Amino acid sequence: MAAEPEIFELSNGRITAKIANWGATITSLLVPDAQGNLADVVLGFDTLEPYLKGMAPYFGCIVGRVANRIKNGKFDLNGVEYSLPINNGPNSLHGGLKGFDKVVWDVVERKDGEYPSITFQYDSKDGEEGYPGDVTIRAIYSLPEATTLRLDMEAIPANKATPISLAQHTYWNLAGHNSGNILDHSIQIWGKHITPVDENTIPTGEIMPVQDTPFDFTTERKVGDRINDVPGGYDHNYVLDSGDEKDGLKHAAKLKDTSSSRTLDLWTDAPGMQFYTANYVDGITGKGGAVYGKHAGVCLETQGFPDAINQPNFPSVVVQPGAKYKHTMLFEFSA
């Protein structure tokens with residue numbers, strides 16, 4: 001008997017997260033500013049119904065079995081060609097038509113108290129959305145410090161080698177989800193290179209320096225400074241190659257809202273990060289009747305490189321049976 005979709009709460013008295021077992025989705029995150037004023041800093045819906053009806057453009061969910069795009073929905077692995085559902089132009093995106101964002105996960109552990117956590121598990125079957133082999137996936141959300149949210153993702157293939165690259169797809173607006181666009185947010189990204197893309201948003205295989213381009217956020221600058229120089233807006237994978245480290249995690253990005261001074265420092269052990277400025281969000285009615293328009297949020301999706309399964313020079317996303325895929329994200333808030 002599958003569990004019913006529902007929303008759970010994690011709180012430590014400073015920050016409060018609401019997370020659904022549908023897609024292991026962050027639906028709300030209350031974070032204080034310097035004065036202690038709380039704002040909900042993630043785009044989403046008040047109830048589960050819009051998520052269940054497919055109205056969310058991946059708001060807050062975990063995407064997989066492979067995040068981002070796979071060219072033509074095809075790849076070869078161990079001499080077998082696999083075909084995936086096409087759901088994004090000519091490509092397969094975020095696990096296909098019914099990826100991990102569109103299923104109910106089981107809650108296998110909950111801890112309250114000073115360091116609350118919740119553990120979700122999903123068992124993905126061989127052939128699901130075209131992918132080989134059975135895989136058990138776990139996502140552990142926890143509040144390890146006063147204003148820190150941590151996500152530990154892991155996956156173990158049971159019987160076949162398979163590509164695995166999970167990503168957390170929250171749309172952030174540190175001024176508050178209902179406060180308009182994020183073009184005045186400043187961001188620093190610890191990546192000196194991106195993986196440039198073709199007209200179908202598939203990486204060319206090149207690793208391109210960001211220096212002297214609109215993609216250069218190696219020093220802090222406003223998201224909107226040069227967004228008009230990037231056709232369509234930012235939707236690009238950064239190579240995380242230049243950050244300091246902490247507890248085995250690399251500094252990926254620092255996002256700051258100048259109006260509230262709320263700041264998000266993101267740490268990860270993933271090789272890449274998709275920087276996406278909600279270019280395709282267009283008049284979605286969200287929480288409290290707020291209408292989310294273009295650039296209403298920013299996604300910082302740490303990940304394996306897009307289409308890595310078809311790009312031999314990218315870090316491999318193939319996981320062998322019995323081996324463990326691990327991916328951690330640390331969201332540190334300050335003001």
Side-chain angles (χ1 to χ4, degrees), residues 23-24 58 61-103 105-106 120-139 152-169 193 195-198 200-207 237-241 268-274 301-329:
Y58 303 102
C61 56
I62 290 178
V63 292
R65 184 177 301 191
V66 175
N68 216 300
R69 294 166 180 89
I70 292 179
K71 184 176 183 176
N72 298 327
K74 285 189 167 30
F75 64 89
D76 282 303
L77 186 56
N78 296 334
V80 179
E81 181 175 90
Y82 293 93
S83 290
L84 314 174
I86 303 299
N87 63 336
N88 177 259
N91 310 312
S92 191
L93 175 69
H94 291 332
L97 298 172
K98 191 179 178 185
F100 296 170
D101 59 304
K102 297 180 182 71
V103 295
W105 298 49
D106 293 315
F120 297 101
Q121 180 172 309
Y122 179 65
D123 294 305
S124 178
K125 298 301 179 202
D126 182 26
E128 186 176 317
E129 294 297 296
Y131 287 96
D134 298 320
V135 181
T136 298
I137 302 99
R138 282 199 168 190
D152 292 284
M153 295 179 277
E154 50 190 54
I156 300 176
N159 39 27
K160 291 181 185 176
T162 185
I164 301 174
S165 176
L166 306 178
Q168 214 297 336
H169 207 299
H193 300 82
T195 52
V197 293
D198 65 17
N200 292 317
T201 329
I202 290 291
T204 61
E206 191 188 350
I207 306 281
N237 175 61
Y238 279 73
V239 181
L240 299 176
D241 55 9
T268 188
D269 51 3
M273 181 187 78
Q274 192 81 3
E301 307 156 57
T302 68
Q303 62 182 3
F305 293 0
D307 199 36
I309 189 69
N310 291 314
Q311 300 277 3
N313 60 323
F314 286 180
S316 175
V317 293
V318 175
V319 185
Q320 300 298 328
K324 184 184 279 191
Y325 164 94
K326 294 180 85 163
H327 178 181
T328 294
M329 303 178 79

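Being a predicted model, the structure only gives us computed values, none of them experimental.
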To the nearest 0.5 Å, what is the distance between [atom1] on [X] and [atom2] on [Y]?
X: H327; Y: Q303; atom1: NE2; atom2: CD; value: 8.5 Å
X: D307; Y: I70; atom1: CG; atom2: CD1; value: 7.0 Å
X: H94; Y: K102; atom1: NE2; atom2: NZ; value: 9.0 Å
X: L84; Y: L93; atom1: CG; atom2: CG; value: 11.5 Å
X: E154; Y: T328; atom1: CD; atom2: OG1; value: 8.5 Å
X: F75; Y: Y82; atom1: CZ; atom2: OH; value: 6.5 Å

For [X] and [Y], which heavy atoms make the closest approach, and how far apart are they?
X: P157; Y: A323; value: CD-O, 3.3 Å
X: G304; Y: V317; value: CA-CG1, 4.2 Å
X: P85; Y: L97; value: CB-CG, 3.6 Å
X: R65; Y: L166; value: O-CD2, 4.0 Å
X: F305; Y: P271; value: CE1-O, 3.5 Å
X: N78; Y: A161; value: ND2-CB, 3.8 Å

> Between D152 and K326, does at least one N-O distance fall below 4.0 Å, as a salt bridge requires?
Replying inline: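 A salt bridge is absent here (no side-chain N lies under 4.0 Å from a carboxylate O).
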Would you call [X] and [Y] a side-chain contact if the rule is heavy atoms closer than 4.5 Å?
X: E301; Y: M273; answer: no
X: S124; Y: Y131; answer: no
X: I62; Y: Y122; answer: no
X: T195; Y: F314; answer: yes
X: V135; Y: I164; answer: yes
X: D106; Y: F120; answer: no

>> Taking atom NZ as the centre, does K71 end up with more than 12 heavy-atom neighbours from other residues, nucleotides or ligands that are less than 6.0 angstrom away?
In response: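 12 or below, so no.
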Taking [X] for its side chain and [Y] for its backbone only, find out whether a donor-acceptor pair lies under 3.5 Å.
X: N87; Y: G96; answer: yes
X: N200; Y: N91; answer: no
X: H193; Y: V239; answer: no
X: D134; Y: D126; answer: yes

> For residues T204 and D198, is any side-chain donor paired with an opposing acceptor at under 3.5 Å?
Replying inline: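 The criterion, which ignores hydrogens and geometry beyond distance, is not satisfied for D198 and T204.
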> Given Q121 and I137, is the side chain to side chain contact (heavy atoms under 4.5 Å, CB included) satisfied, shown in steps?
Replying inline: CA-CA 6 Å; Q121 180 172 309; I137 302 99; over 6 Å; no
>> One pair to check against side chain to side chain contact (heavy atoms under 4.5 Å, CB included): V318 and L77. What are the steps and the verdict?
In response: CA-CA 9 Å; V318 175; L77 186 56; 3.9 Å; yes
> Would you call the rings of W105 and F100 parallel, tilted or perpendicular, where under 30° means parallel and over 60° means perpendicular?
Replying inline: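 Perpendicular, since the angle between the ring planes exceeds 60°.
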>> Set out, in order, the CA-CA distance, both residues' side-chain angles and the distance that settles side chain to side chain contact (heavy atoms under 4.5 Å, CB included) for V103 and K98, then state yes or no.
In response: CA-CA 7 Å; V103 295; K98 191 179 178 185; 3.7 Å; yes
>> Between R69 and N88, does the side chain to side chain contact (heavy atoms under 4.5 Å, CB included) criterion hold? Intermediate values first, please.
In response: CA-CA 8 Å; R69 294 166 180 89; N88 177 259; 2.9 Å; yes
